[in-house]
Number of protein chains: 2
Amino acid sequence: MPISAYDACMARAATTSDAFNAIAEPQRRDILVLLRSGERPVTALARDLRMTQPQASKHLRVLRQVGLVRFREAGKQRLYGLDAGGLRPIHEWVGGFEQFWGETFDRLDQYVQALQQAKQEAPRDDDEQ
Amino acid sequence: MPISAYDACMARAATTSDAFNAIAEPQRRDILVLLRSGERPVTALARDLRMTQPQASKHLRVLRQVGLVRFREAGKQRLYGLDAGGLRPIHEWVGGFEQFWGETFDRLDQYVQALQQAKQEAPRDDDEQ
DNA sequence: TTGACACATGCCAATATCGGCATATGATGC
DNA sequence: GCATCATATGCCGATATTGGCATGTGTCAA
């Protein structure tokens, strides 16, 4: 096999490449939330989330491929359920920033800090969005 | 009907639509991680993460638009820094699944649970496989 | 077997991405 | 002024997504 001659142009990563990409889609997040209350067949999901059945199936496919849901055959139905383990790495990654979001630089904080510093020192500024 | 006749086909949500989409890109995650150790100018980011300067700028633009980084002018440079507050909602959303990732349904767990339920109740059902 | 139901998949059009390269904007310094 | 460094942006091609609709596969029940 010729080894990937041209991987030069890679567009956005596949939604199936990892959980980060999979949960970037709001509807897929909705599915996951809904599944917290228990297993559900595709049609029920589609109905409750007001999407068409093919859409639900497609989203579920993505979620399956990254291992966030699993299903169980039950007669004609396929009961989809959570497999939330895949969310754990995300939680941990994001948690790595926990110490930083106390010090969030919103404009207000920034302003207050600037004032305090100004009181202590000479007036100085160069801050802007 | 001048008003949005066709919003029928909406492709993948913009990376700038929210933090979930912004951090779906690995390089942007790398930028955020790197910025934990302090503010950095664009060129330094590009060098350390082995990307071109335009790429770094583009990724930073996305991160700015969703409010995950801010910058400060310093002469010719723009010092980019974290604004991690936007990660908090993500952490909370994902955290909502914490109770589920102890009970990850691998096939073994499922089997054990099925056995236990069978012991407790009568074979009642529509439960299969 | 035939029909009904549940679900998956294929194709389409529209869109937005990402990387590469060139170029524009902006501030600094001579 | 002009050259230089730092950054942003524009255009391109390639790719993959999303929604809609139609259709295929598979299961159950008369």
Side-chain angles (χ1 to χ4, degrees), chain A residues 4-18 20-31 39-66 69-80 126 128-129, chain B residues 4-18 20-31 39-66 69-80 126 128-129:
Chain A
S4 85
Y6 257 52
D7 55 84
C9 257
M10 196 170 30
R12 193 169 180 180
T15 56
T16 57
S17 56
D18 58 33
F20 279 98
N21 279 280
I23 66 166
E25 165 69 46
Q27 308 223 66
R28 282 194 289 265
R29 289 200 295 274
D30 292 343
I31 289 179
E39 295 178 310
R40 297 222 173 194
V42 179
T43 311
L45 277 169
R47 178 172 38 74
D48 292 0
L49 298 176
R50 296 167 152 257
M51 50 176 118
T52 67
Q53 173 268 312
Q55 270 193 42
S57 280
K58 286 174 188 170
H59 284 311
L60 287 166
R61 185 172 145 85
V62 173
L63 292 171
R64 241 186 299 148
Q65 294 189 15
V66 299
V69 302
R70 86 210 124 75
F71 68 87
R72 192 161 59 92
E73 311 255 3
K76 309 195 236 192
Q77 316 196 90
R78 263 153 122 109
L79 295 177
Y80 277 85
D126 58 341
E128 182 142 34
Q129 199 264 353
Chain B
S4 91
Y6 257 50
D7 56 81
C9 257
M10 195 170 32
R12 193 170 184 179
T15 55
T16 56
S17 56
D18 58 33
F20 280 98
N21 279 279
I23 66 167
E25 165 69 45
Q27 308 223 64
R28 281 193 290 264
R29 289 200 295 275
D30 292 342
I31 289 179
E39 296 178 311
R40 296 221 174 195
V42 179
T43 311
L45 277 168
R47 177 173 39 74
D48 292 1
L49 298 176
R50 295 166 151 256
M51 48 175 120
T52 67
Q53 172 269 312
Q55 270 192 42
S57 280
K58 286 173 187 171
H59 283 313
L60 286 166
R61 184 171 144 87
V62 173
L63 292 172
R64 241 186 299 150
Q65 293 188 17
V66 299
V69 302
R70 88 210 122 76
F71 68 85
R72 192 161 60 92
E73 311 255 3
K76 308 198 237 190
Q77 315 197 91
R78 265 151 120 109
L79 295 178
Y80 277 85
D126 55 354
E128 249 173 328
Q129 247 228 11

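So that the names make sense, note that chain A is the first sequence line, chain B the second, and so on, each numbered from 1.
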Write down the distance between [atom1] ([X]) and [atom2] ([N]), rounded to a whole number of angstrom.
X: A:M51; N: D:dG20; atom1: CE; atom2: P; value: 11 Å
X: A:L49; N: D:dG19; atom1: CG; atom2: C1'; value: 16 Å
X: B:L60; N: D:dT7; atom1: CG; atom2: P; value: 10 Å
X: B:D18; N: C:dT17; atom1: CG; atom2: P; value: 12 Å
X: A:R47; N: C:dC7; atom1: CZ; atom2: P; value: 11 Å
X: A:L63; N: D:dT17; atom1: CG; atom2: C1'; value: 15 Å
X: A:E25; N: C:dA16; atom1: CD; atom2: P; value: 14 Å
X: B:R50; N: C:dG20; atom1: CZ; atom2: P; value: 13 Å

Return the set of residues passing side chain to side chain contact (heavy atoms under 4.5 Å, CB included) with [X] (not counting sequence neighbours), or none when no residue passes.
X: B:Q53; answer: B:V42, B:S57
X: A:P54; answer: A:T52
X: A:V66; answer: A:A22, A:L68

Look at the side chain of A:T52 and decide which nucleotide, out of D:dT7, D:dG20, C:dA6, has an atom nearest to it. D:dG20
Here the gap from A:R28 atom CZ to A:H59 atom NE2, rounded to the nearest 0.5 Å, amounts to 6.0 Å
Can you tell me how far CG of B:L45 sits from CG of B:L79, rounded to the nearest 0.5 angstrom? 10.0 Å
Between B:R64 (side chain only) and B:V69 (backbone N and O only), is there a donor and an acceptor less than 3.5 Å apart? no
Contact nearer the 5' end of DNA chain D, comparing B:A44 with A:H59: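 On the 5' side of the pair lies B:A44.
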Residue mapping more 5' on DNA chain D - nearest nucleotide basis, B:A56 or A:T15: B:A56
Under 4.0 Å from OP1 or OP2 of [N]: is there any side-chain N or O of [X] that close?
X: B:R78; N: D:dA8; result: yes
X: A:R12; N: C:dT15; result: no
X: A:Y80; N: C:dA6; result: no

Residues which pass salt bridge (charged side-chain N to carboxylate O under 4.0 Å, His left out) with [X], listed by chain and number, not counting sequence neighbours:
X: B:E39; value: B:R70, B:R72
X: B:R61; value: none
X: A:R78; value: A:E73

Residue pairs meeting salt bridge (Lys or Arg N to Asp or Glu O under 4.0 Å), one or both in residues 41-58 of chain A, sequence neighbours left out, come to A:R40-A:D48
Excluding sequence neighbours, so at least two apart, what forms side-chain hydrogen bond (donor to acceptor under 3.5 Å, both in side chains) with A:Q65? none
Listed by chain and number, what are the side-chain hydrogen bond (donor to acceptor under 3.5 Å, both in side chains) partners of A:S17, not counting sequence neighbours? A:N21
Show the distances under 3.5 angstrom between N or O atoms of the protein and N or O atoms of nucleotides 24-29 of chain C.
none

Let me test you: for the helix from C:dT1-D:dA30 to C:dC30-D:dG1, what is the angle between the axes at its two ends (five pairs each), rounded to 10 degrees? 10°
Could you run down the sub-3.5 Å N/O contacts of the protein with nucleotides 9-11 of chain D?
unit_1	atom_1	unit_2	atom_2	d
D:dG10	O6	B:K58	NZ	3.0

